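Reading through the structure tokens given below for one structure.
First the proteins, then the strands, lettered A, B, ... as listed; each starts at 1. Everything numeric in this text was worked out from a predicted model, so none of it was measured.
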Amino acid sequence: MNEIKAPKGTRDIFAPEIHKWHYLENAIHAYYKKFLYQEIRTPIFEHSELFSRGIGSETEVVQKEMYTFTDKSDRSLTLRPENTASVVRAAIENNLFENLVPLRFYYLGPMFRYDKPQKGRYRQFQQFGVEVFADDSPQVDAEVIFSAVDFLKKLEIESVQLDLNSVGCPQCRPAYLEVLKKAARAEESKLCADCRRKIDGNPLRIFDCKQPACAEAAGRFPVIGDHLCAECREHFVAVREALSWMNVPFVLNPRLVRGLDYYTKTAFEVTSGQLGAQNALLGGGRYNNLIKELGGPDMAGIGFAAGMERIILHLEHLELPGRKILFVAYGDPQWLAHAVQLAEVLREEGYPVYLDYQGKNLKKQFKKADRVAAAFTLLLAEDEIRSSSVSVKNMATQEQIKIPLKDLNAWLKENF
RNA sequence: GUGAGUGUAGCUCAAUGGUAGAGUAUCAGACUGUGGAUCUGACCGCUGCGGGUUCAAGUCCCGUCACUCACCCCA
């Protein structure tokens with residue numbers, strides 16, 4: 001008999017951690033409402049082709065990490081590894097580009113990638129993110145980046161670094177890639193086997209390699225910043241200027257590349273030293289060709305995605321105020337009916353009320369009240385019932401007073 | 001996909017190759033109108049799983065699975 005466990009890379013979330021998730025989710029909704037972003041919820045699985053076309057069929061994510069399956073009608077479907085392609089698809093499909101203003105969305109929900117789990121990395125993981133369409137202004141880039149950093153700041157996550165780069169566009173990137181390949185080939189003998197393979201496939205990834213020899217060689221490679229076309233260069237300058245208006249500090253990182261193919265111009269990433277190897281809290285950038293490539297209008301787009309588990313890891317020491325609750329005790333089962341009715345009235349008034357139906361005697365009930373961390377225990381037994389009152393015990397101070405039932409609500413409003 | 005570390009009670013951890021233990025939690029009682037403290041008792045295990053070595057394996061060896069961390073990749 002094998003015990004059935006959660007699949008590798010998945011996990012259960014419950015109290016007390018779940019409180020942090022509620023806190024984070026509420027914070028996301030509240031924060032992005034201020035920017036007039038609208039929440040969008042897209043399916044958790046999509047046609048596989050959406051991701052291979054959107055993310056890029058040569059990317060690591062599409063080649064090795066997708067949960068792809070065939071349904072009973074032989075459709076190839078895939079559990080979403082990220083949400084940008086889906087949001088774009090949804091906007092196209094629902095004609096949102098014509099009807100909805102502003103074209104600014106945020107989302108949150110589970111994503112799936114077949115990765116080897118480690119700290120901050122799961123096979124089912126939660127991301128939240130934003131997508132802004134139809135605006136190529138560099139100031140929008142800055143606003144999106146500002147919102148990401150500022151949001152983390154609001155959560156008191158401040159020991160982070162914002163890396164910024166421009167990865168060019170179809171006008172300038174191909175020429176740069178050729179220059180880069182040439183430089184890499186010239187030093188091919190110094191590179192590791194992995195990086196030699198990257199030269200023809202995705203030479204930008206060589207910059208990611210942590211092998212000292214590769215990093216050393218990559219230090220001499222040309223960087224894209226010197227090969228941007230006029231438009232990309234001006235855009236990048238304007239983004240940096242707008243970030244300075246917003247007092248967002250950043251680190252220019254000419255070696256920053258993104259894992260998904262659709263990025264153009266601005267690319268950014270926020271990392272944290274507190275996370276271990278998987279140190280990216282969020283990453284994103286501009287994708288001015290994605291919407292068109294997926295069959296939509298020729299419109300710009302920019303967004304980012306953040307790893308919620310990784311943010312939760314930064315909320316370790318967050319002290320969430322415990323929910324105050326009332327405990328109704330009844331002493332002897334013969335008074336249970338009165339207790340049930342009192343609990344019902346209290347809940348109707350909005351109070352969180354706990355009633356223990358197994359309470360055999362007062363001692364046990366008070367013990368349970370202690371266990372559930374009740375602020376007050378309301379005792380309803382023979383004396384109280386006879387006098388139409390209730391004994392209210394403050395569990396912290398041990399003070400206990402008898403209050404007429406008709407005054408209870410007013411008293412609680414005052415003291416609870 | 002590669003590597004390393006760790007798998008013993010619900011949880012945290014002990015146990016020279018020689019009868020599997022403690023703390024904690026849970027339950028009951030001391031204490032039938034009152035919680036936290038204390039004391040007493042009870043419950044708690046195919047030592048991840050499968051092989052092997054040995055008179056004897058939680059302990060040594062091999063395999064396997066799981067978890068953790070790292071590589072890789074990324075949020």
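Counting non-hydrogen atoms under 4.0 angstrom, Glu384(A) reaches a base of the nucleic acid. Using a 4.0 Å heavy-atom criterion, one finds that Ala369(A) contacts no nucleic acid atom at all. Note on Asp332(A): nothing from the nucleic acid sits closer than 4.0 angstrom, heavy atoms only. Residue contacts for Gln126(A): at a heavy-atom cut-off of 4.0 Å it reaches no nucleic acid atom on any strand shown.
Side-chain atoms of Lys64(A) and base atoms of G1(B) include no donor and acceptor less than 3.5 Å apart. Side-chain to base pairing of Lys363(A) with U34(B): no donor and acceptor N or O lie closer than 3.5 Å to each other. Under 3.5 Å, the side chain of Arg121(A) and the base of C69(B) form no donor-acceptor pair of N or O atoms. Glu82(A) contributes no side-chain N or O that forms a donor-acceptor pair with the base of C74(B) under 3.5 Å. At a cut-off of 3.5 angstrom, the base of G33(B) holds no donor-acceptor pair with the side chain of Gln365(A). Judged by distance alone, with hydrogens and angles left aside, Lys116(A) brings a side-chain donor or acceptor within reach of the base of U2(B), the pair sitting under 3.5 Å.
Between the side chain of Asn394(A) and the main chain of Gln398(A), no donor-acceptor pair closer than 3.5 Å is present.
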Open item on the list: If a pair means Watson-Crick or G-U wobble with both distances below 3.5 Å, what does RNA chain B look like in dot-bracket form, with | marking bases paired to a different strand?
Closed with: (((((((..((((....[..)))).(((((.......))))).....(((((..]....))))))))))))....
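Between Phe35(A) and Phe146(A), the angle of the ring planes lies from 30° to 60°, which puts this pair in the tilted group.
Look at the P atom in both U53(B) and A14(B): the space between them is 30 Å, to the nearest Å.
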